[in-house]
Amino acid sequence: MANIGKIFASRTYTLAKAAQANNVRFYCAASPKAFEYIKTELVGEKKNVALITLNRPKALNALCNGLMNEVSQALDQFDSDDNVGAIVITGSEKAFAAGADIKEMQNNTYAKCITGNFLNNWTSVAKAQKPVIAAVNGYALGGGCEFAMMCDIIYAGDKAKFGQPEIALGTIPGAGGSQRTTRVMGKSKAMEMCLTGNMINAEEAERSGLVSKVFPADKVVSEAVKLGEKISTFSPLIVQLCKEAVNTAYETTLNEGLKFERRHFHATFSTKDRLEGMTAFVEKRAPKFTNE
């Protein structure tokens, strides 16, 4: 959640201090104009992959409420577009997102956090029905790391850095950093990240299970788009059921997950796409899915 990181060789500076040194203001309005802080486009050979690019370069893509509201709007738009099979979210080569907007949070109080349900709308990424792929280059720290973990799959550039450095600001992760790291990486690694604020590189993130694959920095977005294109060749209906099954495994007990998976498996037998997929396999041809 925090917008800091040890980004210089000494690893003693925070991004907040670096911003002050360069006269950078980490601030944006809570009610932005339409897509002021992000860019969106349809990409891929069939233009069936949505690409959302975080676009606050001077603030290293710090996550303010305005930006997150725009991401939520874009996700709603692409989730309801039948031509879109998958969504890719990326930042710049320097930073996926350096963290939450400290300037915006600085004078918050406990009462304001409770009554305003602070950070509640940040979970829209995790609630998206279609698969969401994070293509991470540069810094994914605090809220940036949490944002990436809300996505279904993370591809990382070879210079990417991940971390939960909130402890250095006198607070703790607030958008899932302590919870998702524990589930993905285990208690010991999660404790080390959250209690020290230390960053890990892309290679260690891959070893720890935080990211799926690592690519050269200039290839990670295109590889994420390729992944989205492959997912888009399958039945959107069945993809959604499969995503729900995996998320259930992530969030519940094994016994509950097995029952959920089995029932969803059974449910596929009520769809035309399941029949088409199996018939095409038997007939040795490519399936023609209709999302029914």
Side-chain angles (χ1 to χ4, degrees), residues 1-22 24-27 54 56 59-65 67-68 91 94-114 116-123 125-126 134 136 138-151 154 156 159-211:
M1 184 180 74
N3 180 14
I4 66 171
K6 301 174 183 178
I7 61 175
F8 300 121
S10 64
R11 297 197 175 187
T12 59
Y13 288 83
T14 66
L15 287 180
K17 290 180 180 178
Q20 291 173 1
N22 291 280
V24 174
R25 286 174 58 83
F26 281 57
Y27 176 78
L54 309 185
R56 295 189 70 207
L60 296 179
N61 291 330
L63 305 177
C64 62
N65 283 330
L67 184 149
M68 295 305 291
K94 183 179 292 186
F96 174 75
D101 196 314
I102 302 304
K103 189 81 173 182
E104 197 171 63
M105 293 190 297
Q106 182 182 2
N107 295 316
N108 243 357
T109 65
Y110 177 71
K112 287 181 180 179
C113 287
I114 295 297
N117 210 3
F118 184 44
L119 298 185
N120 181 63
N121 65 330
W122 286 35
T123 60
V125 180
V136 177
Y139 298 105
L141 305 177
C145 186
E146 291 170 315
F147 189 22
M149 288 191 291
M150 291 180 201
C151 299
I154 303 176
K159 299 297 189 295
K161 302 283 187 181
F162 299 85
Q164 297 294 155
E166 291 85 353
I167 198 76
L169 288 180
T171 187
I172 68 171
S178 65
Q179 304 302 299
R180 289 189 172 94
T181 54
T182 303
R183 285 166 170 76
V184 171
M185 306 168 72
K187 177 183 174 181
S188 180
K189 195 65 182 178
M191 282 287 191
E192 182 181 22
M193 286 184 67
C194 293
L195 295 181
T196 66
N198 290 345
M199 294 185 291
I200 62 173
N201 60 27
E203 183 180 330
E204 186 173 357
E206 183 182 22
R207 288 200 308 267
S208 301
L210 182 64
V211 307

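Index from 1, following the sequence.
- Between the CE atom in M185 and the OG atom in S208 there is a gap of 4.0 Å [rounded to 0.5 Å].
- Residues meeting the side chain to side chain contact (heavy atoms under 4.5 Å, CB included) test with K187, sequence neighbours left out: M191.
- For A160, the side chain to side chain contact (heavy atoms under 4.5 Å, CB included) test picks out V136, A156, F162, A202, with sequence neighbours left out.
- The line from SG of C145 to CZ of R180 is 10.5 Å long, rounded to the nearest 0.5 Å.
- Not a single donor-acceptor pair under 3.5 Å links the side chain of N61 to the backbone N or O of G91.
- Under the rule for a side-chain hydrogen bond (donor to acceptor under 3.5 Å, both in side chains), the partners of E192 that lie at least two apart in sequence or sit in another chain are K189.
- In terms of the salt bridge (Lys or Arg N to Asp or Glu O under 4.0 Å) criterion, residue partners of R207 (sequence neighbours excluded) are, by chain and number, E203.
- Side-chain N or O atoms of T196 include one that pairs as donor or acceptor with a backbone N or O of N198 at under 3.5 Å.
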Show your working on side-chain contact (heavy atoms from CB on, under 4.5 Å) between I200 and K161 and close with a plain yes or no. CA-CA 6 Å; I200 62 173; K161 302 283 187 181; over 6 Å; no
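- Checked against side chain to side chain contact (heavy atoms under 4.5 Å, CB included), T109 has the following partners two or more places apart in sequence or in another chain: A111, K112.
- Put simply, OG1 on T123 and CD on E146 are 12.0 Å apart, with the number rounded to the nearest 0.5 Å.
- Here L60 contributes atom CG and Y139 contributes atom OH; the two are 8.5 Å apart, rounded to the nearest 0.5 Å.
- Taking the salt bridge (Lys or Arg N to Asp or Glu O under 4.0 Å) definition, one finds that K159 meets it with nothing, sequence neighbours left out.
- Between M149 and G177, the shortest heavy-atom contact is CE-CA, 4.0 Å.
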